[in-house]
Every structure is written in C-alpha cells, then in structure tokens.
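Presented below is the structure to which this report refers.
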Amino acid sequence: MAATAQHDPAITKLWLRTYDEPGFIYRSVSTRPPRDCTPEEIPVIDLGRMFGDITDRRKLASEILHAAETSGFFYIKNHGVPESAIAGVHQEANKFFHLPDEVKLSVKADPAVSFYGYQGPGTRRVVPEAATDRRESFNFHYEPRFDPLHQGHLADIPEDVREHIPKDSYIWNDIGLPDFQTELTAYWQNCLALARRLVRILALGLDLPEDYFDRVTTYPGGDLTINFYPGHGDRPAERQGEVELNAHTDLQILTLLWQSEGRGLQILNPQNEWIFAPPIPGTFVVNIGDFLMRLTNDRLKSTVHRVKQNGKDDRYSFAFFFGFNFNEKCGVVPTCVSESNPAKYQPATCGELIAKRLAAVQQSET
Ligand SMILES: O=C(O)CCC(=O)C(=O)O
Ligand SMILES: [Fe+2]
C-alpha cells in the first residue's frame, strides 16, 4: 500500500481520503505489530442508563462524550438489540457469502445506479495508493418503507426525500434465500432505533437539548453493510498480514459495528500506532463518523481504522452507518463554537459530502 518513509523503517506513510481539498492526506504510522486496546483507550459503556432518569442519562452522556473526544471509539453493552436479531443476520450472511459467485453477482452493485448491493473481493479501492480491499460485502440503504416511524404514512413522504433514495431495488432480487431480506431489515430496524437513541445521548453530552437532532433523523442515512473476511482454514496463511479493508474513516454520524469472533478490526491511536479492538461478546463497537466530527468543530473524533484478517476462521462483521437526513443542511453546533474557537466549517448536507467522496473513490477504482 504505502511507501515506507525514507529515514525510519518503523514508520510508513498511510494515505487517507478526506472530504476536503485536495481529497487526500497522509499520516506517518508505526509499522509495529498491533497490541490489544486497553479499557481506557476503548471503554465498554453500559447503555442500560439510557432508559433511566435525566441524572442517569447525563452521566451516561458524559462517559460517551469522553470516549468520543479521545479515541472516537467505544464498546456498548446492554444495547437492547436482541441476540436473535444478530443471530438471524449471521446465519443469512453465512448462507449468502457461500452462494455460487454467479448468484451473488446477480445482486451486485451497478455503479451507474448506486454502490449498494454485492461487492466481490478485490472490487473496492479506497485510495489510489492502496491495494484493493479483499473483503466481500453486501449493503443496502435507508428506505422509509423499512422505517417503523413511517409505517402507515408512506404516501406522506416528501418528494425531495423520495428523490434521494437510490432506485436500486435489484439488490433484493430473488437469490433463493427466503429470509435474507427479512432478517437483514429486522436487524437494520433495531440498529436504526438504537442509533436514534444514541444521538439523543450525544446531544445531551454536547450540552444541547436532548431532542436537538431529532429534526434531522426523520429520514436519516442508515446503511447496513454485512462484511465477510474468509479465514485461511487448514491451508497455510498465505494472506497473513494483508489488509482486508484498507484504512479509512467512516463518513456519517456514527457506526454500530457487530463483529464475529476473531481479531480483525484495528484502530489508529493518537500515537499513530495500530491497536486491535477485539470482539467482546454482547457488545457493539461504536465509532464517530466524519460528518459528526465536522458538526462538532473537530471536538469528537472520527478515527482511522482498518481490518486485517489473520485467523483460520471466517470473520463476519455488520456495520450500520447512521447519518442525518441527506437533504438537510447542518452547521457546526452552537455549543462547539466560541469567540476563541470559531466554526471551521460551512453548513453542508451529509448527502453532498458523501456523494463527493464516493465519486472520488469510484474514480480511483476505474
Ligand atoms: O469489519 C470491521 O470490523 C470493520 C468494518 C468497517 O470499518 C466498515 O465497514 O466501515
Ligand atoms: Fe469503517
């Protein structure tokens, strides 16, 4: 991927994509093998208090804020997403990724329409300097018809919201898995509800009214990606050390990540060293996205991460990316600016920034 810096072999140049011109930056990163994160670096936060009184909620909010301001990553437990919903997706993901290639390719992303659907191994490249990602994935996006908030009112969906929804219904073509769509959308609904609650806690943590962001989460970004990273099984680990998903930051507000057993996810800490965020049973990993970093004037951190799969066993992960309404212009929130710390960013819609970045990614793939 990256060229080694000239003077120090323990440092390598890591290229990253950004929203802003020129579109790339690089960081000088340690080549030392990753260690596991400490509980201080990526704490486990108990969300049970989300349903408590305002004192409980404020206490929870301050813990979340602290993690979001430091590593930008935290685990959550007691998150309320039923194990059965997770197991349902896990089972369907296992069946899906073991289908013959021609079946998976029948629901593949058509770049002329959207980037949703199946993406085979080696088809995505985050930055021109990087190798292609080796992961396989399937992803779909927010649709009001899946959102319990709009059940029974689908006729009232505003036209500009409709226009924003990609017309890629082919991603749900029949692939011979009768429960695939049902299980994925049921899990998606759980994540959507959880993300809407978490954003309220974030608002409290930012000293804003708890319902401050509600207005921009009525037709939010809500992408679910199921990822598959095959293990090497009984064969020699020929791919050991290779990156399966290249270093990136997530684009929107926050990501809820479930990971199956086995290390894979690595996070770049403030000392520019990779650390593992190993799976912890019963938890999700949450991380802050670029758009929320921008809305908080860089107070909350959107942290670089990547995946290396170096185990014998297959690894799965499910990433739910939550964003604000795509057509809503959002500026830096009032509690993150002051006379001595003016807003660094102009108001923008999440939709326009993401479209710009995805177009750039597509360009580096062609
Ligand atoms: O598979 C993982 O652990 C991380 C996936 C990820 O970072 C992503 O899909 O953006
Ligand atoms: Fe990510």
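This structure is a prediction, so every number in the text was calculated from the model and none was measured. Order of appearance sets the numbers: ligands from 1, and atoms from 1 within every ligand.
Aromatic pair H90/Y187: centroids not less than 6.0 angstrom apart. Separation of the F138 and W172 ring centroids falls under the 6.0 Å cut-off. The ring of Y316 has its center no closer than 6.0 angstrom to the ring center of W258. Checked against the 6.0 Å centroid threshold, H66 and F74 do not count as a close aromatic pair.
Listed by first then second residue, pairs satisfying salt bridge (charged side-chain N to carboxylate O under 4.0 Å, His left out) with a partner in residues 101-116 read D101-K104, K104-E136, not counting sequence neighbours.
Taking the six-membered ring where the residue is Trp, F326 and H164 present perpendicular rings, their angle passing 60° and hence far from 30°.
Summarising the hydrophobic clusters (Ile, Leu, Val, Met, Phe, Trp, Tyr; side-chain heavy atoms under 4.5 Å, direct or chained), the residues clustered with I54 are L204.
Excluding water, every protein N/O/S atom under 2.8 Å from the Fe ion (ligand 2) is given here by residue and atom: H248 NE2, D250 OD1, H305 NE2.
Of the candidates P39, P279, P278, P278 is the only one forming a side-chain contact (heavy atoms from CB on, under 4.5 Å) with Y75.
At a heavy-atom cutoff of 4.0 Å, ligand 1 is surrounded by R135, N227, Y229, L245, H248, D250, L257, L265, H305, V307, R315, S317, A319, F321.
Judged by the 6.0 Å distance and 45° axis criteria, R306 is positioned over the aromatic ring of W274.
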